[in-house]
A.B. asks: 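Submitted below is the structure of interest, expressed as structure tokens.
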There are 2 protein chains.
Amino acid sequence: MSYFRGIMTPQKTFRETLIDGETLFQPSVSLDCVIFGFHENELKVLLVKAKATDHWSLPGGFVFKEEDLEDAAIRVLKERTGLNDIFLQQFHVFGSAKRSDWNVHRINFKKDGIEIGPDHWLLKRFITVGYYALVEFAHVKPTPDTSSEACSWWDLNEIGELFMDHKQILDKALETLRLQLNHLPIGYNLLPQKFTMPELQKLYETILNISLDRRNFQRRMTGFGILKKLKETRKGGAHRAPFLYTFDMRKYRKALKQGLHGGW
Amino acid sequence: MSYFRGIMTPQKTFRETLIDGETLFQPSVSLDCVIFGFHENELKVLLVKAKATDHWSLPGGFVFKEEDLEDAAIRVLKERTGLNDIFLQQFHVFGSAKRSDWNVHRINFKKDGIEIGPDHWLLKRFITVGYYALVEFAHVKPTPDTSSEACSWWDLNEIGELFMDHKQILDKALETLRLQLNHLPIGYNLLPQKFTMPELQKLYETILNISLDRRNFQRRMTGFGILKKLKETRKGGAHRAPFLYTFDMRKYRKALKQGLHGGW
DNA sequence: GTAGCATTGTGTCATAACGACGCATTAACA
DNA sequence: TGTTAATGCGTCGTTATGACACAATGCTAC
């Protein structure tokens, strides 16, 4: 977690929260969100850039004293994306005693004209809970908080070094996504309502990082019986217009309980 | 987590730890272990019974200020089982704000002649990290700590109500075990070095809670190429002596990377 | 000892799933 | 209107799966 993302209540400024944090938040615990979207046939991740840091980081936050951990994650997502009802999965806890060099934070704060003492709550050790979220790209309005320079989508392949251990957290999220692809409605949550078979295939290929045979993919997906083929096609592409599909959620959920059998 | 299991250092008594806890441990964070074993063709779980509680609970503990979360789990496991090098997997964080009614704890402590104030660190809110462990049943020496009445194996089917939300934690551990059966060396860690095909099958059947065809099971398992068939048989049973097998760890690990393909 | 019995070892067969690939169709563009 | 490139739809041989038959073996009971 970046040390000052998503930690503000709507009523309080960043500076106030920095002082009050110890009374507001559950100590020791933070959370970080890996927010996935799918756009232009690429998997994207929403990152934020704090003013005082050199690197981009995952949007994160802390847990209010009386707040459920999961509600805190929902709150952070709402703040950064503007969305409610986000598909959210906890995937790992990062609890190394030396996840971060907190001294860096003091220096960064100082650069920003903020002095914090060595016993400040923000400099204490935090164990962070990783959540990943799947969102419909087009519905998201990336929203930086007032302490951020930026909040924007990054192509998965273009992400370099991240703040603290955030790259590891991201990698673990991707690994989890892969393992859960046959057990959770991942396609449903990343794609728009209507989508084409090539789009669905590209999503699978991106997540699994493999390439698949177009025709076999189609046979298998339709074989699951979780798709409804529409009579519309997606015109405007340079070639033959592919048919649009939607998920048949009843059958999709039913199939996922068993896990979508077979390979990949 | 039971509120006073596994929180003692070797040097300190329970009562001392109760006082020092706030300075020793990372606040807000606890961990609970679901320790699985396999014995007499049944899946077992190691539970502890605290003197002051009415219910059995999962062995758990807290995290020292400078200790990695994972090391804390390893420490708890070592204390309860006597084992090093335990197969350990983090599976979920339980972060509901109202996981427990801490008032119950005060009453229980009082029964035991221990008075703690309303601001005592043990009565604060804890977010607990669930770990499951797989151990070789025969190697374990269940060891209660000095504040426990008992520490012993329970058959999975005979476990009734547990302390706080520990039943939910156990259920989630089982669910995770099921999902990871084809991706982690679960058989290897639960079974003794040498085992028979019927034993391996029973393990699968117990974890997945289904029954499988004996002959198809054997074909599939041998088909993976992860087993070495020995020339010995397990004599002493009432009928034909089954052959013994061991895992071919090289091939096992290699196969798990892809996931053991196919059904179940 | 030996017959009975329950369990394990091994194999068969039809069916379904899978991987690799061919060819016709169609929308945009030149 | 022909070219191009992506999509729709189908084939074929191989492999994996589910269901089941029968022989082999080690204890037990007489």
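Convention: sequence-line order gives letters A, B, ...; per-chain numbering from 1.
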A.B. asks: Using the side chain to side chain donor-acceptor pair (under 3.5 Å) rule, collect all pairs that involve residues 226-240 of chain A, keeping only residues at least two apart or in two chains.
C.D. replies: Lys194(A)-Glu232(A), Glu199(A)-Arg234(A)
A.B. asks: Under 3.5 Å, side-chain donor or acceptor atoms of residues 151-161 of chain B against the rest of the protein: list the pairs with distances, not counting sequence neighbours.
C.D. replies:
| from | atom 1 | to | atom 2 | distance (Å) |
| --- | --- | --- | --- | --- |
| Asp155(B) | OD1 | Asn157(B) | N | 3.0 |
| Asp155(B) | OD1 | Asn157(B) | ND2 | 3.4 |

A.B. asks: Atom CD of Glu199(A) and atom C1' of dG8(D): how far apart are they, to the nearest Å?
C.D. replies: 16 Å
A.B. asks: Using atom CZ of Phe217(A) as one end and atom C1' of dC9(D) as the other, report the distance to the nearest whole Å.
C.D. replies: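 So the CZ-C1' distance, Phe217(A) to dC9(D), works out to 17 Å.
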A.B. asks: Just call it for Gly223(A): base, sugar-phosphate, or nothing, with non-hydrogen atoms closer than 4.0 Å on any strand.
C.D. replies: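 No contact at all - Gly223(A) keeps every heavy atom at 4.0 Å or more from the nucleic acid.
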A.B. asks: Sort and list the pairs that fulfil salt bridge (charged side-chain N to carboxylate O under 4.0 Å, His left out) and have at least one residue in residues 128-141 of chain B, not counting sequence neighbours.
C.D. replies: none
A.B. asks: Hey, is the side chain of Arg220(A) poking within less than 4.0 Å of OP1 or OP2 on dC18(C), counting only N and O atoms?
C.D. replies: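 Yes, such a contact exists.
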A.B. asks: Go through the structure and list residues passing side chain to side chain donor-acceptor pair (under 3.5 Å) with Glu42(B), not counting sequence neighbours.
C.D. replies: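 For Glu42(B) there are no side chain to side chain donor-acceptor pair (under 3.5 Å) partners, ignoring immediate neighbours.
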A.B. asks: Rounding to a whole Å, what distance do you find between Met221(A):CE and dC18(C):P?
C.D. replies: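 Atom-to-atom, Met221(A) to dC18(C), this comes out as 11 Å.
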A.B. asks: Whole angstroms only, please: what is the CG-C1' distance between Leu227(A) and dG8(D)?
C.D. replies: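 In whole Å, dG8(D) C1' lies 15 Å from Leu227(A) CG.
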A.B. asks: Can you list everything that forms a side chain to side chain donor-acceptor pair (under 3.5 Å) with Gln89(A)? Sequence neighbours excluded, please.
C.D. replies: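 Gln89(A) satisfies side chain to side chain donor-acceptor pair (under 3.5 Å) with no other residue.
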A.B. asks: How about Asp85(B): does its CG atom have over 12 heavy atoms from other parts shown lying under 6.0 Å from it?
C.D. replies: no
A.B. asks: Could you tell me the separation between the CZ atom of Arg234(A) and the C1' atom of dA28(C), rounded to a whole number of Å?
C.D. replies: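 Checked: the CZ to C1' distance equals 16 Å.
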A.B. asks: In this structure, how many angstroms lie between the P atom of dG8(D) and the CD atom of Gln201(A), rounded?
C.D. replies: 11 Å
A.B. asks: Can you tell me the distance, in whole Å, between the CG atom of Asn41(A) and the P atom of dA6(D)?
C.D. replies: 12 Å
A.B. asks: Would you mind building the protein contact string for nucleotides 3-12 of chain C? One character per nucleotide, 5' to 3', B for base within reach (heavy atoms under 4.0 Å), S for sugar-phosphate only, - for untouched.
C.D. replies: ---BBBBBBB
A.B. asks: Lys235(B) NZ to dT28(D) C1': how many Å, rounded?
C.D. replies: 16 Å
